[in-house]
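In what follows, a structure is listed as structure tokens, so that the remarks can point back to it.
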There are 2 protein chains.
Amino acid sequence: MKPKIEDVAKLAGVSPTTVSRVMNNRGYISDETREKVQNAMNELNYFPNDVARSLFNKRSNIIGLILPTTSNPFFGELTFHLENICAEMGYKVLLCNSLNAIDKEEKYLEMLLRNQVDGIIVGTHNRGILDYHKQNLAVVAIDRYLSETIPVVGSDNYEGGTMAAELLMSGGCQCIVLIDGIGELETPARLRRKAYSDVMKRNGRAPIIYEIPEVFDRQSQQEVISRIFSEHPDVDGVFATNDLFAASFINEAKRHGKEVPGEIKVIGYDGTETAQTLMPELTTIKQPIARIARTAIDILVKKIEGDMKESPQETRLPVKIVKGTTA
Amino acid sequence: MKPKIEDVAKLAGVSPTTVSRVMNNRGYISDETREKVQNAMNELNYFPNDVARSLFNKRSNIIGLILPTTSNPFFGELTFHLENICAEMGYKVLLCNSLNAIDKEEKYLEMLLRNQVDGIIVGTHNRGILDYHKQNLAVVAIDRYLSETIPVVGSDNYEGGTMAAELLMSGGCQCIVLIDGIGELETPARLRRKAYSDVMKRNGRAPIIYEIPEVFDRQSQQEVISRIFSEHPDVDGVFATNDLFAASFINEAKRHGKEVPGEIKVIGYDGTETAQTLMPELTTIKQPIARIARTAIDILVKKIEGDMKESPQETRLPVKIVKGTTA
DNA sequence: CTGAAAGCGCTTACAG
DNA sequence: CTGAAAGCGCTTACAG
């Protein structure tokens, strides 16, 4: 059986209270007692039960992380950074891959609440459904508007979208198509689309938008992308709102005998390490993933620790264009 | 304040015991009482505190997951599947990215133990250091030998390595180089290297092995890979033990003016969805990631639930060669 | 400087 | 069918 505080106390010949005090370094304890207790702890290989502590302290030091899927390299890398920063700060991470399914998100949210998490980082789509604000729980969203009171952190999507669209324009593209995820909600990531549309309109063009499922489903992605070639055979520029979409498009372009960038210029979004390694030729808008993670945790922790200094409602971190050879 | 069982009991006019019983569906309760209690729970928007439950039950229903980093698409996808299966089975996942750093692993392990996890899935390198077996805790390793008693699940590394090496041999390659991660330990993933060496020897060749750091560090990876070209200018075949390495090599080959597959054939390992999307031309050995996850959880859960039917010490799941155009 | 008591929110024998 | 009591492993006033 795992030793408990009582066992340590007996072995050291003191009360549980005293053991607790040396563990938490609280109150006065004589050096002698402290040593006795520490020896007993070592001898028994004792370490405290954080479940019991959490129950008493009403503080779990656990942060819930809800996102679509760590399979997507953007979220995989974001998760890595988030978790790493949490560990550094003494927080633990409970992971939830919701695949943007509303029912799963609801279940996950309830699970997190039952587990008394101190805060939640949300990177999923579904808005409103989850009353994140109802429970007075610390919540920070990554690139999603969840409610007026929930801070949002993300890259400067509008700026990134503008850079992408303008690069294609200035490259002389005449028929520029946007490939975006499905989703009706007005989320910051949607600003990439908005920026594209604005650039198009400013140049007297009509936006052309295709939506494909975000989850790995190469077949249905292919089908949608194929339609671009039949419906817009003159396509010569593509802005994909993430690098995976860009890659899928480039694959399809090859199948249709189109050369990139010769006949069609392509630019993506995200610029993950993974995509940069596997497809270094891709021109893309790089998000500062580590900074996004850091900022989100900073804000969340401030909320958890009750720092009432208003945290900014929206933080837009600067993007960078990474020039490959595809645009 | 969050309502507790006592609040529900008062509102429903029953004892806490009864509330607990209807929640857990244990013992006899009249339909009338059940309804009263359920109404009260709804009215108060009550949900149980799992921390308190865990304390009493000595069962947290939490599984710890220790792996190098979810930034690597293999682990990103593995994590997704593991978490998903856990959620399905009512387990929660506490995530730890150790980057294979021993000190971090030790801290994470202690953290998981303090949090009373029911079991741990380990996908990191460091062996021996962690006395996983000392605590009698359910542990399953992914592709790592941790101790004689800890079950290992992974792809059939030896078979995969053999397939890769033989494909290069049969493609007529004369100077075949292996690119592998750093690490001295005898781990199942090392069987990829072993298989390569065996194939080489069987064909009267000397194995040529280069080791590069696994963590994203494009510069130092590049340096090592560059050495291949100076030290083995006649290299015409490369087996990289993961797809990221393969991609890095291909990038370097281009910089050195070498054509793939014309002058050098390249084959990778993992075959993640991400790599297949971003680099569909890569020939690679595909691991059955979802099956690895499923198998690992099945074994772990059996151990947790005390199913004493010996679980297999080692499970090798079949790999598949995905023929792209690089080899 | 140290300890006995109460309590965090739940569950489970034990009585009735 | 229902409730009072004890206890899961810890911590924190409160006394001394």
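Each chain gets a letter, A, B and so on, in the order its sequence line appears, and its residues count up from 1. What's counted below: heavy atoms across the whole structure, side chains too, no hydrogens, waters or symmetry copies.
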Hey, does the side chain of [X] come within less than 4.0 Å of [N]'s phosphate (OP1/OP2), counting only N and O?
X	N	answer
Asn24(A)	dT11(D)	yes
Arg53(B)	dG9(C)	no
Lys2(B)	dG9(C)	no
Thr17(B)	dT12(C)	no
Tyr46(B)	dG9(C)	no

So if I take every side-chain heavy atom of [X] and compare against [options], which nucleotide ends up nearest?
X	options	answer
Tyr28(B)	dG3(D), dC10(C), dC1(D)	dC1(D)
Thr18(B)	dT2(D), dC8(C), dT11(D)	dT2(D)
Thr33(A)	dT11(C), dT2(C), dG9(C)	dT2(C)
Ser30(A)	dT2(D), dT2(C), dC8(C)	dT2(C)
Ile29(A)	dC8(D), dT2(D), dT2(C)	dT2(C)
Asn49(A)	dA4(D), dC10(D), dC8(D)	dC10(D)
Phe56(B)	dC10(D), dG3(D), dG7(D)	dG7(D)

Value in whole Å for how far the [atom2] atom of [N] lies from [atom1] of [X]:
X	N	atom1	atom2	value
Asp50(B)	dC10(C)	CG	P	9 Å
Asn115(B)	dG9(D)	CG	P	16 Å
Arg21(A)	dA4(C)	CZ	C1'	11 Å

Exercise. Return the nucleotide paired to dG16(C): Watson-Crick means purine N1 to pyrimidine N3 with N6-O4 or O6-N4, wobble means G-U with N1-O2 and O6-N3, both under 3.5 Å.
Key: dC1(D)

Quiz prompt | Set of residues satisfying side chain to side chain contact (heavy atoms under 4.5 Å, CB included) with respect to Pro48(A), sequence neighbours excluded | solution = Met23(A), Tyr46(A), Arg53(A), Arg114(B)

Quiz item: Taking side chain as C-beta onward, heavy atoms only, is Ile121(A) less than 4.5 Å from Ile297(A)?
Solution: yes

Quiz item: Are Glu88(A) and Lys104(B) within salt-bridge range, i.e. N to O under 4.0 Å?
Solution: no

Quiz prompt | Flag if over 12 foreign heavy atoms under 6.0 Å of CD, Glu35(B) | solution = no

